[in-house]
Amino acid sequence: MNGLRVTMAAGAIIFTLLMAIITPVAWVGLLFVGFGLYQTSQKRIFFRKPGWLMTIGILVVITGGCAAPSDQVDDDKKVATANAENEADQQAKAEEEKKAAEEKKAKEEEEKRLAEEKAANEKAEAEKDQQELADTFGLEEVLVTRVVDGDTVELKDGRKVRFIGVNTPESTTRTEEYGKEASNYTTEKLEGKTVWLQKDVSETDRYNRSLRLIWLEIPKDDMDEEEIRTKMFNADLVLNGYAEPSTYNPDVKYSEYFVKFAREAREKETGLWAYGENGTTKGDLDPKEEKKTTTASTPKSSSSTSTASTEEPAAAQEQEYYQNCTELRKVYPDGVPSDHPAYARKHDRDKDDWACER
C-alpha cells in the first residue's frame, strides 16, 4: 500500500512539474501536493487526511495549467509572430540593401567604362592629331639604342644619325675639351628613348650617316622659336653649351636660330664656351679665314717703303673657295690637303688636315 502511495506521489510530482513549466499558477498546486506528501510521511500530522490536500493541489495544478496556457500561448504566438515579422523586415531590408549595392556597383562600373572609353577616345584623338603634325613636318619616330658621341647616335634599325647644324667636341678617335661631357649629356638625354627625326635637304653625309634634326617632342609649329628651344635636341645642345653651331649648305633651315642660341651661351660662358670665346671645337662663331691675295713675283726694290714685308713669297697662290664638299669634289674628287688653296677648315670635319676626302 505504501509503495502504491509512493508511486502515485512520484507521478503526481512529475505531472505537476510539467504543468508548472506551462504556467506559474501550477506552482501553487505543486506546493499543496508537496505539503500533502510531507504530512503523509510524518507520524504526527496536522491533517488527518493529507491525501485530500494532495488531491486539491493536483486539481489546482490541472486548472492552472489548463486555464492559463491559452494566454501564454497567445503571448508566445505574438512573440513568434513579431519575431517572424522582424526577421522578414530584416530580410527585406537586407535584400533592398543588396539590391541598392548591386545597382551602385553597376552604376560605378558603367561610369568607369564610360570614363575609360572617353579617355581612350581622347587618347586616340590626341595620337591622331600628333601623327598628323608629324606627317606635316616630315617627322619619323625612331628608337635610339646607342650614342656614338655628342652629335651622333645609332638607331634600333642600325642607322647612324649625325645631327644637322651642330658640332660637339670630339670624344672618340681624339678628344677635345668638353667632348666627354657632351657625349655623356647626349647619352643621358637620348639613349633608350623614342625621338622624332626631321630631314632638312641632305639625306646622308660622306660617311653614309643620315643627317637629321632631333625632336624630343612633336612640335605644333616647327619654326616657332619657343618650340625649337624646348623640343629640339640640336638646339638644346647649343643652348646648354655642349655644341657649337656648324652650318653646311644646303641644310640651313635652323642655322640662324643655332647661331643666336650659341651667342647666348657664349655670353653666359656656358659649357664649352667657358674655355674661351672660340669654344673648344670648330663652328660658325670661329674667326673667319682671311682671303689670300695674289702678289707679283717681281723682287722688291731697295726703295720700297719700310712697311712692306721682306718675307712675302715670290709667287703666292690665289685662295679657292667652295661652298661645300659637293662643289669642291666636282673639281677635286679626292679632296685636298691642308696646304692646298682650296682647303678650308669648315670642310675638314674630322680635323685630319684633309678636306672633303672620300
Side-chain angles (χ1 to χ4, degrees), residues 147-153 160-190 195 197-198 200-202 205-207 209-216 225 228-290 321-325 328 338 343-356:
V147 171
V148 178
D149 60 14
D151 53 30
T152 306
V153 297
K160 285 186 178 180
V161 177
R162 175 64 167 82
F163 304 163
I164 291 175
V166 299
N167 185 35
T168 62
E170 296 295 329
S171 62
T172 52
T173 56
R174 60 193 179 86
T175 302
E176 292 179 320
E177 291 284 356
Y178 220 65
K180 290 297 182 182
E181 289 83 349
S183 180
N184 291 340
Y185 183 74
T186 300
T187 300
E188 177 187 349
K189 290 290 187 178
L190 299 187
V195 297
L197 304 184
Q198 184 181 35
D200 193 346
V201 176
S202 302
D205 63 5
R206 55 182 171 148
Y207 301 110
R209 298 176 300 187
S210 298
L211 294 173
R212 295 292 186 272
L213 297 146
I214 311 296
W215 290 91
L216 302 175
E225 182 174 334
I228 296 169
R229 285 176 178 269
T230 57
K231 296 181 180 180
M232 183 194 287
F233 188 66
N234 305 53
D236 182 282
L237 286 172
V238 178
L239 283 164
N240 289 288
Y242 291 103
E244 296 189 29
S246 183
T247 304
Y248 286 86
N249 287 321
D251 303 306
V252 298
K253 183 176 181 179
Y254 297 99
S255 59
E256 292 183 4
Y257 287 112
F258 295 160
V259 170
K260 177 182 179 180
F261 299 159
R263 285 178 177 149
E264 292 178 12
R266 184 170 66 176
E267 288 176 3
K268 299 175 184 177
E269 296 183 353
T270 303
L272 56 80
W273 299 108
Y275 295 87
E277 65 176 6
N278 294 327
T280 62
T281 188
K282 303 303 178 183
D284 294 347
L285 299 189
D286 292 337
K288 303 299 181 184
E289 294 181 351
E290 294 184 1
Y321 289 93
Y322 295 92
Q323 191 174 28
N324 51 49
C325 284
L328 187 147
S338 59
Y343 177 86
R345 284 184 297 175
K346 69 178 183 178
H347 298 325
D348 187 6
R349 297 296 295 274
D350 54 4
K351 310 298 185 298
D352 61 351
D353 294 329
W354 193 280
C356 300

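Computation of the quantities below employed the complete heavy-atom set of this structure, encompassing side-chain atoms and omitting hydrogens, waters and symmetry-equivalent molecules.
- Within the 4.5 Å cutoff, no side-chain heavy atoms of Arg212 are placed close to those of Arg162.
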Can you give the donor-acceptor pairs under 3.5 Å from side chains of residues 177-186 to other protein atoms, not counting sequence neighbours?
unit_1: Lys180; atom_1: NZ; unit_2: Ser171; atom_2: O; d: 3.2
unit_1: Asn184; atom_1: ND2; unit_2: Lys180; atom_2: O; d: 3.2
unit_1: Tyr185; atom_1: OH; unit_2: Asp236; atom_2: OD1; d: 2.6
unit_1: Tyr185; atom_1: OH; unit_2: Asp236; atom_2: OD2; d: 3.4
unit_1: Thr186; atom_1: OG1; unit_2: Gly150; atom_2: O; d: 2.7
unit_1: Thr186; atom_1: OG1; unit_2: Ala182; atom_2: O; d: 3.2

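- The side-chain heavy atoms of Pro250 and Ser202, taken from C-beta on, include a pair separated by under 4.5 Å.
- Looking only at distances, a side-chain donor or acceptor of His347 sits under 3.5 Å from a matching main-chain atom of Tyr322.
- Each of Thr281, Asp284, Thr247 was checked for a side-chain hydrogen bond (donor to acceptor under 3.5 Å, both in side chains) with Asn167, and the lone residue meeting it is Thr281.
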What verdict does the side chain to side chain contact (heavy atoms under 4.5 Å, CB included) test give for Leu213 and Met232, after you've listed the backbone C-alpha separation in whole Å, the side-chain angles of each residue and the deciding distance to 0.1 Å? CA-CA 7 Å; Leu213 297 146; Met232 183 194 287; 4.0 Å; yes
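- Note on Glu264 versus Arg229: salt bridge recorded, some NZ/NE/NH1/NH2 to OD/OE distance being below 4.0 Å.
- Annotation: side chain of Val201 is not in contact with side chain of Asn249 (no heavy-atom distance under 4.5 Å).
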What pairs of donor and acceptor atoms, side-chain ones from residues 265-278 against any protein atom, are under 3.5 angstrom apart with sequence neighbours left out?
unit_1: Arg266; atom_1: NH1; unit_2: Glu277; atom_2: O; d: 3.4

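- Using a 4.5 Å heavy-atom cutoff, the side chains of Leu211 and Asp251 are in contact.
- We find the CZ-CG distance between Phe258 and Leu239 to be 9.5 Å, quoted to the nearest 0.5 Å.
- Glu170 places no side-chain N or O within donor-acceptor distance of the main-chain N or O of Thr175, the cut-off being under 3.5 Å.
- Annotation: side chain of Leu285 is in contact with side chain of Val259 (closest heavy-atom distance under 4.5 Å).
- Side-chain polar atoms of Thr168 and Asp151 form a donor-acceptor pair below 3.5 angstrom.
- When all heavy atoms are compared, the tightest approach of Asp200 to Val252 is OD2-N, 3.1 Å.
- For the residue pair Val153 and Phe163, the shortest heavy atom distance occurs at CG1-CZ, 3.8 Å.
- In this structure, Asn234 contributes its side chain and Ile214 its backbone to a donor-acceptor pair below 3.5 Å.
- Taking 4.5 Å as the limit, some side-chain heavy atom of Leu190 sits within range of a side-chain heavy atom of Leu216.
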Hey, mind stepping through Lys282 and Arg345 against side chain to side chain contact (heavy atoms under 4.5 Å, CB included) and telling me if it holds? CA-CA 8 Å; Lys282 303 303 178 183; Arg345 284 184 297 175; 3.3 Å; yes
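- Applying the 6.0 Å contact sphere to CD of Glu225 captures more than 12 heavy atoms from other residues, nucleotides or ligands.
- Contact detail for Pro169 and Tyr242: the closest heavy-atom pair is CD-O, 3.4 Å.
- Taking 4.0 Å as the cut-off between side-chain N and carboxylate O, Arg209 and Asp205 count as a salt-bridged pair.
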